[in-house]
Structures are given as C-alpha cells and as structure tokens.
Amino acid sequence: MTSDAENTSQQRTVRIQKLEALRESGLNPYPYKYDVSHRADDFFAGFDELESGKQVISAAGRLMTKRVMGKASFCHIQDDTGKIQLYMKKDVLGDDMYALFKQLDVGDIIGCTGTAFRTKKGEMSIWVESFELLAKSLRPLPEKWHGLKDVEVRYRQRYLDLISNREVKDVFLARTKIVQTIRSFLDSEGFIEVETPILQPLYGGGSAEPFTTHHNRLGMQLFLRIADELYLKRLIIGGFEKVYEVCKDFRNEGLDRQHNPEFTMVELYQAFVDYNDIMELMQKLFTHVASVVPGSTTIKYQGHEIDLGGEWLRISMLDAIKKYADIDISALDENDLVRECKAKGIEIEESRGRAKIIDDIFTEKVQPNLIQPTFITDHPLEMSPLAKIHRDDPNLTERFELFVCGMEMANAFSELNDPLDQRRRFEMQRELSKRGDAEAHVLDEDFLRALEYGMPPTGGLGFGVDRMVMLLTDQANIRDVILFPQLKPE
RNA sequence: GGGGGUGUAGCUCAGUGGUAGAGCAUCUGCCUUUUAAGCAGAGGGCCGAAGGUUCGAGCCCUUCCACCCUCACCA
C-alpha cells in the first residue's frame with residue numbers, strides 16, 4: 001500500500017493552506033474544548049420537546065457531507081451515536097461565519113449551537129445559529145456513498161473504517177457489550193475477577209508455541225502467556241474458590257480467520273465442582289450472553305441457524321470418532337492409528353504421538369459436523385495433561401470442549417489436583433517435546449510445588465471471547481472482531 | 001509453504017496491444033429547505049515494483065512485494 005503525503009498532496013496542500021489562513025485570521029483551528037448539550041441519539045429522542053420549546057442546544061461531530069446552495073447550506077455531522085443534519089443560513093450566521101463554513105472540508109470536526117427544526121422533507125435538523133471549528137482535517141475521507149472497502153486499509157487504518165462503516169462500529173459495540181455481560185454474569189455467580197502475569201518465566205496451561213522476550217535488568221528470558229491456567233489454579237490453592245480472568249493470551253502461530261496471535265480468553269476456576277457442573281455453567285453463561293447480544297438464543301451464523309436455547313448435544317470423543325470417522329480408537333495404539341488413518345485416507349502427520357493423531361482425526365472428520373452446540377467429552381489421557389483421570393476409565397480424562405458451527409469455543413476439565421500424577425503428565429509431555437513437539441507443555445516445578453500443598457477438587461474452563469463475538473455478531477473472520485488485528489508490517 | 005484472485009486518481013471502480021477513463025472528493029463560478037443536491041468549467045496518475053517480448057505494454061511473459069480466498073500448519 002502506498003499511502004502518504006505525496007499521494008494526497010493536492011488535497012492535503014489545499015487544506016494546509018486553509019489552516020494557515022485560519023491562523024492568520026486569528027482563529028485557532030485546534031481549540032481546547034466545546035460544551036456539547038446533546039449527542040445525536042439524545043437529540044432525536046428529545047426532538048419534539050426541543051422543537052416546540054425552541055431550546056438552544058449544542059452538538060459536535062465530524063463533518064460528513066456538505067451541500068452549499070448559495071446563501072444557505074446543509075451538512076451532516078457525525079458523533080459517537082449518529083448523524084445530525086445542520087442548516088446553515090448566511091443571514092443567520094453572518095457573512096464571516098458563513099464564509100468560514102464554505103471553507104470547511106468534509107472530515108473537519110465542528111461544534112454548533114442552534115435550535116431543532118424539521119426540513120420540508122421531514123428530517124430532524126439543527127437550525128444553526130453559530131458554529132466553531134474544533135479540529136481541522138488535512139486528509140480526505142473515504143468516499144461517502146460506497147464507504148471504505150479496501151480490506152487492508154480497513155484493518156491498517158481502522159479509524160477510517162469506523163468513521164465510514166457504521167456496521168463495523170456496531171460489531172465492536174456489541175463486543176464491548178458481550179464482555180460486559182460475561183463479567184456481570186460471572187460477578188453475579190460469585191466469581192472474583194483477578195489479574196495474573198502476562199510476562200511469565202515459564203509458559204503453561206495450553207499446547208502452543210510462545211512468544212519470547214527478555215528482561216534486561218533481571219537478565220532473564222520471559223514468555224508472553226499462552227494461557228492463565230496455572231496461575232489461576234495457584235489462586236484456588238490459595239483459597240479463592242471462584243476466580244476468573246478476562247485474559248489476553250499470545251500464541252506464536254499462523255494467522256487465519258479463526259486465529260490471531262494475540263486473542264482474548266476468559267478462564268474461570270471453581271473449587272469443589274467437577275466438569276459436569278462447569279458444563280452447566282458454560283451453557284448458562286452462553287445462552288445468557290446471547291439473550292443480551294444479539295438478544296435471542298436463536299442466532300444465525302453464516303447461513304446456519306443455531307439454537308442455543310435448547311438441549312446441547314453431548315457426545316464422548318470416542319463415540320464421536322466412531323460415529324464420524326468409523327474408527328474405534330480405544331483399542332488402537334499409535335501404530336495402529338497411523339495404519340487406520342492411511343487406510344481411510346485421513347491426512348495425519350506421523351511420529352507426533354497418539355494424542356496428535358487423534359486430534360488430527362477429530363479435526364478432519366468430526367469437527368466440521370458439529371454445527372449445533374455440542375459438548376465433546378472425555379478425551380483420551382494423552383491429549384489432556386492438565387485434566388483429571390476419568391472416574392470410570394483410567395485411559396480417559398474428565399474434559400469437555402464446546403463446538404458451535406465447527407468452531408472450538410471452549411475447553412474445560414475436572415482439574416488434575418493429584419500432584420504426583422501431574423508430575424507424570426508433565427514428564428509424558430517432555431517425551432513429546434523430545435520427539436519434536438514444539439507445543440508440548442513444559443514441566444513447571446513451581447506449579448507442582450503449589451499443587452503439593454493441596455488443591456481442592458476444581459472445575460475449570462477457558463473460552464475464546466473473540467470466537468464468541470464472531471458467533472454472536474455473525475462475523476466470519478476473527479479480524480472483524482479485533483479492532484487492530486495483526487498484519488504484516490506496511 | 002501450495003492453489004486461486006486482486007493491486008489503475010484521495011475513495012469506489014471501468015479499461016484485452018495503439019494519446020489514461022467515470023462517479024464521488026478537490027479547485028473556480030452560479031444557486032436561501034437540500035439530502036448520493038444540481039448546473040458550468042478546471043486540476044489531479046511512475047496503471048504495486050523490477051526486468052522482458054513488441055514498432056508500440058495498464059493490458060502479454062518472468063521475478064518480486066502487499067492484500068484477499070482456500071489448502072496445509074496451528075487445540
């Protein structure tokens with residue numbers, strides 16, 4: 001992308017000349033404040049009273065359109081809540097101020113005072129008595145009718161996207177509302193919101209490659225967290241019984257429409273409950289959030305109609321793989337699985353361990369079928385180094401993942417609280433690491449020490465906020481729910 | 001990394017080998033309830049970059065860059 005001064009030179013030069021002319025005439029093109037009595041939504045909501053009372057009001061915003069018709073003009077200003085039409089009349093404003101108006105450019109920020117009135121066509125407008133330039137704009141805005149379409153510019157210069165495309169702003173307002181709703185739900189359930197380190201001497205709690213960084217004074221390598229799990233469990237050990245964190249996590253992975261290297265999760269941990277309780281909590285939370293945004297438990301996502309309000313499907317990982325891939329993995333070791341996948345034409349990467357192969361089968365054969373909300377439960381032991389062994393089957397764990405529209409939305413366990421078993425699991429991961437698995441969990445002695453003091457039975461959950469927002473706002477790409485998504489450098 | 005696509009004026013887009021186009025935006029003039037305001041005129045381009053083919057390249061070829069889609073990778 002080319003973008004700079006030389007490109008916009010003509011229009012920019014004209015605007016800088018206007019700016020200098022304003023300064024010479026004694027006007028500050030960048031004054032300090034403006035008293036706003038009404039924003040657009042207040043104005044429209046109270047219009048009838050404002051009009052009949054002839055009350056003088058003030059409004060401010062960015063000039064978005066401008067129609068000069070000789071001695072009278074119309075324009076629209078846009079504020080945080082909407083657009084208001086202004087009527088500027090030469091014999092009301094006086095010659096000087098009207099001349100100033102004609103010098104304004106679309107994109108300038110102005111404030112005005114005046115009274116409410118309706119035009120002949122019925123548009124609620126302000127009959128402007130005076131206005132003031134609040135900030136001069138030096139670059140032309142995107143085209144008023146088509147808006148800004150160039151995706152790269154939309155992400156790189158998100159402010160232009162937000163100015164030009166109202167529906168984009170609505171998605172981010174919805175995101176804020178969703179996060180608020182999650183918080184208020186968890187608060188009302190008695191959870192305590194906490195903050196744990198982003199810079200960690202060891203990374204843990206997930207299978208992912210981390211970003212590394214360095215602390216100069218301590219002379220040590222640090223990692224940006226890939227998950228919060230191990231710190232939140234330390235808090236459970238410390239006596240907090242219900243904690244959660246809205247956490248930015250970082251994973252050094254490829255980018256696609258469901259992955260951004262920094263993303264937001266909510267993780268929560270509750271003492272004295274198991275994964276069945278957490279499953280109920282997840283469902284309750286999700287349906288509650290949907291009932292606020294978009295406002296219904298029946299939602300549409302990319303052409304699918306999703307019913308969050310009904311019964312959610314539950315199927316064990318083994319049964320799901322039997323059903324969709326026709327493989328009974330419980331009886332098969334790593335070599336058998338490799339053979340079976342080859343026979344069935346399932347693409348897998350060999351010599352990465354049994355867990356990865358099962359995950360490959362699941363991702364390829366099962367996941368795309370999980371459209372309605374589905375809990376996949378009871379994952380094999382090797383896949384789940386932080387989950388407690390299943391009470392009925394020592395080869396499985398008490399774990400679930402939630403899928404909607406083929407997207408993984410959440411991951412939860414009855415948390416492993418047997419410190420000696422946890423040590424063995426870390427050691428299994430170390431073997432995977434030796435075999436070249438860059439995402440294997442690393443052994444965390446400090447965490448093991450904490451576990452050895454005793455952690456109560458605990459249910460834990462992590463879910464992706466970005467993906468939840470995607471689902472609830474019907475966005476296909478994670479970049480459309482992250483204000484400033486990661487891009488290659490310009 | 002593989003496959004497909006896109007890149008032309010500030011923005012949205014036309015332009016399949018023969019002088020670089022439109023609408024909006026900008027500048028000048030007219031216009032006192034317009035609303036994608038209108039009318040008349042003007043300026044604005046290294047056609048993503050570099051090579052090549054050709055008498056002649058925005059267009060054809062090669063390489064590169066950026067972005068999008070898709071596959072792979074990635075809980």
Side-chain angles (χ1 to χ4, degrees), chain A residues 1-15 17-18 64-76 83 85-93 98 103 105-107 117-123 125 127 137-157 160 163-164 205-209 226-227 249 251-261 263 265 347-349 352 355-356 358-360 362-364 367 376 379 383-385 399 401-403 407-411 437-439 441 462 464 467 476-477 479 487-490:
Chain A
M1 267 312 298
T2 49
S3 74
D4 255 348
E6 65 272 21
N7 264 347
T8 48
S9 59
Q10 182 211 9
Q11 297 191 41
R12 186 165 173 272
T13 304
V14 168
R15 290 183 182 207
Q17 283 164 0
K18 287 180 179 177
M64 298 301 288
T65 63
K66 188 183 163 201
R67 297 178 292 280
V68 176
M69 300 166 304
K71 298 185 181 60
S73 299
F74 288 91
C75 63
H76 281 94
K83 287 181 194 167
Q85 178 170 259
L86 309 182
Y87 181 52
M88 304 271 186
K89 213 165 176 281
K90 189 176 186 179
D91 56 17
V92 174
L93 298 177
Y98 192 72
Q103 284 296 303
D105 290 295
V106 169
F117 82 109
R118 270 181 209 270
T119 62
K120 278 181 186 167
K121 295 263 173 76
E123 180 164 346
S125 309
W127 183 285
S137 163
L138 299 183
R139 291 173 184 253
L141 288 180
E143 207 245 6
K144 65 182 172 188
W145 184 245
H146 298 93
L148 180 64
K149 291 195 171 162
D150 185 313
V151 248
E152 193 179 352
V153 178
R154 285 187 45 224
Y155 297 140
R156 285 197 195 282
Q157 296 179 268
L160 294 179
I163 291 168
S164 302
S207 302
E209 284 189 66
I226 59 171
D249 292 332
R251 297 187 180 182
N252 212 334
E253 302 165 346
L255 294 73
D256 64 31
R257 64 178 160 158
Q258 287 178 18
H259 296 84
N260 193 64
F263 63 102
M265 283 215 291
E347 279 185 37
I348 53 156
E349 204 172 305
R352 293 203 306 159
K356 286 288 185 185
I358 295 170
D359 194 47
D360 283 347
F362 181 82
T363 303
E364 192 169 337
Q367 195 170 328
I376 295 292
H379 299 52
M383 297 181 78
S384 313
R399 175 180 177 186
E401 290 179 297
L402 171 64
F403 291 86
M407 275 197 288
E408 181 193 337
M409 303 299 298
N411 186 22
D437 185 351
E439 297 170 358
H441 292 237
R467 289 181 187 174
N477 198 312
R479 278 177 301 194
L487 299 172
K488 287 190 198 173
E490 203 165 352

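Letters A, B, ... are given to chains in the order of the sequence lines, protein chains preceding strands, and every chain is numbered from 1.
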- What nucleic acid atoms does A:Asn477 come within less than 4.0 Å of, heavy atoms only: base, sugar-phosphate, or nothing? sugar-phosphate

- How far does the P atom of B:G15 sit from the matching atom of B:G52, given to the nearest Å? 29 Å

- Answer whether the closest heavy-atom distance between the side chains of A:Cys75 and A:Met88 falls below 4.5 Å. yes

Any strand, both distances under 3.5 Å, Watson-Crick or G-U wobble: B:U6 pairs with B:A66

When rounded to whole Å, the NZ to P distance for the pair A:Lys149 and B:A14 reads 10 Å

Answer for the Watson-Crick or wobble partner of B:G1, both distances under 3.5 Å, is B:C71

Notebook entry, point to check: Which part of the nucleic acid, if any, lies within reach of A:Leu148 when heavy atoms closer than 4.0 Å are counted: base, sugar-phosphate only, or nothing?
Noted result: sugar-phosphate

**OP:** For the pair A:Glu401 and A:Arg399, find out whether any cationic side-chain nitrogen is under 4.0 Å from an anionic carboxylate oxygen.
**Re:** yes

Report yes if a donor N or O on one partner sits less than 3.5 Å from an acceptor N or O on the other, where the partners are the side chain of A:Asp256 and the base of B:C73; otherwise report no. yes

N/O donor-acceptor pair, side chain A:Thr65 with base B:U35, under 3.5 angstrom: no

Any strand, both distances under 3.5 Å, Watson-Crick or G-U wobble: B:C27 pairs with B:G41

request  = Could you check whether A:Arg154 gets within reach of a base, just the sugar-phosphate, or nothing at all, counting any heavy atom under 4.0 Å?
outcome  = nothing

A:Asp360 atom CG is separated from B:C73 atom C1', nearest whole Å, by 10 Å

Ignoring hydrogens and geometry beyond distance, is the side chain of A:Thr119 in donor-acceptor contact with the base of B:U35 at under 3.5 Å? yes

- So what does A:Phe117 touch, heavy atoms closer than 4.0 Å: a base, only the sugar-phosphate, or nothing? base

To the nearest angstrom, the CD-C1' distance between A:Gln157 and B:C67 comes to 14 Å

A:Lys89 meets the salt bridge (charged side-chain N to carboxylate O under 4.0 Å, His left out) criterion, sequence neighbours left out, with A:Asp91

B:G1 and B:C64, which share atom name P, separated by this distance in whole Å
10 Å

Can you tell me how far P in B:A20 sits from the matching atom in B:A36, rounded to whole Å? 36 Å

_Using a 4.0 Å heavy-atom cut-off, does A:Gln85 contact any base of the nucleic acid, only the sugar-phosphate backbone, or nothing at all?_
base

note: A:Gln258, atom CD; B:C69, atom P; distance rounded to Å ~ 12 Å

Which of B:U12, B:U35, B:C67 is nearest the side chain of A:Asp150? It is B:U12

Subject >> Flag side-chain contact, heavy atom, 4.5 Å: A:Met64 against A:Leu141 >> reply: yes

Note: for A:Lys90 and A:Arg467 on RNA chain B, the residue whose nearest nucleotide lies more 5' is A:Lys90

Winner on side-chain proximity to A:Lys71, out of B:C31, B:C67, B:U70, is B:C31

Q. Expressed as a whole number of Å, how far does the P atom of B:G18 sit from that of B:C60?
A. 12 Å

| query | If you draw a 6.0 Å radius around NZ in A:Lys83, do more than 12 non-hydrogen atoms from other residues or ligands fall strictly inside? | reply | no

request  = Mind checking A:Gly206 for me? I need base, sugar-phosphate or nothing, with any heavy atom below 4.0 Å counting as a touch.
outcome  = nothing

Ranking B:U32, B:C67, B:U34 by distance to the side chain of A:Phe74, first place goes to B:U34

Sorted by chain and residue number, the ring-ring contact (aromatic ring centres under 6.0 Å, His included) partners of A:Phe74 (sequence neighbours excluded) come out as A:Tyr87

Taken to the nearest whole Å, NE2/A:His259 to C1'/B:U70 is 16 Å

Distance check, P atoms only: B:U19 and B:G58, in whole angstrom units. 10 Å

Quiz prompt | Any side-chain heavy-atom pair of A:Leu402 and A:Glu408 under 4.5 Å | solution = no

Q. In whole Å, what separates the C1' atom of B:C59 from that of B:G17?
A. 7 Å

A:Tyr155 atom OH is separated from B:C67 atom P, nearest whole Å, by 12 Å

- Query: When rounded to the nearest Å, what value does the distance between P atoms of B:C13 and B:C69 take?
  - Reply: 16 Å

In whole angstroms, the gap separating C1' of B:G5 from CD of A:Glu152 amounts to 15 Å

Salt bridge (charged side-chain N to carboxylate O under 4.0 Å, His left out) filter on A:Arg15, not counting sequence neighbours, yields A:Asp105

* Whole-angstrom distance between B:U16 and B:G56, as gauged at atom C1' -> 15 Å

Categorize A:Lys89 for me: base, sugar-phosphate, or nothing, with a 4.0 angstrom heavy-atom threshold over every strand shown. base

From CE of A:Met69 across to P of B:U32 the rounded distance in Å is 8 Å

Under a 4.0 Å heavy-atom criterion, the protein footprint on nucleotides 21-26 of chain B, written with B, S and -, is --BBBB

Sorted by chain and number, sequence neighbours left out, ring-ring contact (aromatic ring centres under 6.0 Å, His included) with A:Phe362 holds for A:Phe403

Across every strand shown, the nucleotide meeting Watson-Crick or G-U wobble geometry with B:U33 (both distances under 3.5 Å) is none

Sorted by chain and number, sequence neighbours left out, side chain to side chain donor-acceptor pair (under 3.5 Å) with A:Glu123 holds for A:His76

With a non-hydrogen cut-off below 4.0 angstrom, is A:Glu209 in contact with a base, only sugar-phosphate, or nothing? nothing

